Amino acid sequence: MKKDKEKNRTQPEQAEQIEQTPGDPPEEQKTAAEEEPVVEEQPREASVDEWREALELAVKQRDDYLDSLRRTQADFQNFKRRNQTSRADGYADGCCEVIESLLPMIDNLERALSAAQPEDPLTSGVQMTLNMMFEGLKRFGFEEVPALGEDFDPEKHNAVMREQSDEPGKVLEVFQKGYRVKDKIIRYAMVKVSVE
């Protein structure tokens with residue numbers, strides 16, 4: 001009998017525990033929620049005109065985005081091209097400036113060679129130095145502008161004197177050599193030109 005009483009005691013306690021588990025809404029709320037019917041709104045069918053307007057708007061937006069993308073791509077290509085051109089121009093201009101600053105040294109070495117005795121061992125050293133300098137600068141497109149005996153060309157030569165001759169328009173004498181780097185003249189040859 002004692003066992004039956006103990007069973008009866010534990011069963012109501014368990015029943016109370018089941019009814020009051022946390023997380024379950026109280027019974028009053030459950031019934032209130034169950035009583036309210038859920039009203040689902042039926043989507044309204046769009047008319048053909050509304051679909052047409054939506055399609056036209058989507059096509060217009062697509063065209064705007066496509067046009068914007070094409071413009072952006074073209075601007076970027078132009079930027080890359082300008083950047084490459086300006087970098088190449090900057091490099092070429094830098095080379096020309098450095099070589100231009102070396103021209104007085106080249107002139108002085110040539111003057112030293114013309115004033116020196118051919119037998120002097122120092123002459124061969126100066127000549128070797130000058131040759132090495134020319135070889136190093138040739139890698140950058142450096143070369144002398146031909147002048148002596150050539151037809152006078154104001155694009156390459158700077159006439160500072162003239163002399164009458166049977167062959168007019170020829171360069172008779174070079175006072176200072178001219179040089180160019182690739183196609184750019186960095187110093188015009190200073191020359192005497194023949195005239196009629």
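Since the structure is predicted, the reported quantities are computational estimates derived from the model, not experimental observations.
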For residues 153-168, the side-chain hydrogen bond (donor to acceptor under 3.5 Å, both in side chains) pairs (sequence neighbours left out) are E163-K192
D120 meets the side chain to side chain donor-acceptor pair (under 3.5 Å) criterion, sequence neighbours left out, with none
Sequence neighbours excluded, the answer for side chain to side chain donor-acceptor pair (under 3.5 Å) partners of Q176 is none
Applied to residues 128-152, the salt bridge (charged side-chain N to carboxylate O under 4.0 Å, His left out) test, sequence neighbours excluded, yields E135-K138, E143-R180, E144-K177, D151-K170
For R82, the side chain to side chain donor-acceptor pair (under 3.5 Å) test, sequence neighbours excluded, returns none
For D89, the side chain to side chain donor-acceptor pair (under 3.5 Å) test, sequence neighbours excluded, returns none
In short, side-chain hydrogen bond (donor to acceptor under 3.5 Å, both in side chains) pairs touching residues 67-77 with sequence neighbours left out are D67-R71
By side-chain contact (heavy atoms from CB on, under 4.5 Å), Y91 pairs with (sequence neighbours left out) C95, F140
query = Is there a path from V160 to Y188 through hydrophobic residues (I, L, V, M, F, W, Y) whose side chains come within less than 4.5 Å of each other?
reply = no
Those residues at least two apart in sequence (or on a different chain) that pass side-chain contact (heavy atoms from CB on, under 4.5 Å) with Y65 are Q61
Residues passing the side-chain contact (heavy atoms from CB on, under 4.5 Å) test with K184, sequence neighbours excluded, are D93, C96
The complete set of side-chain hydrogen bond (donor to acceptor under 3.5 Å, both in side chains) pairs with one or both residues in residues 97-107, sequence neighbours excluded, reads D107-R187
Sorted by chain and residue number, the side-chain contact (heavy atoms from CB on, under 4.5 Å) partners of E53 (sequence neighbours excluded) come out as none
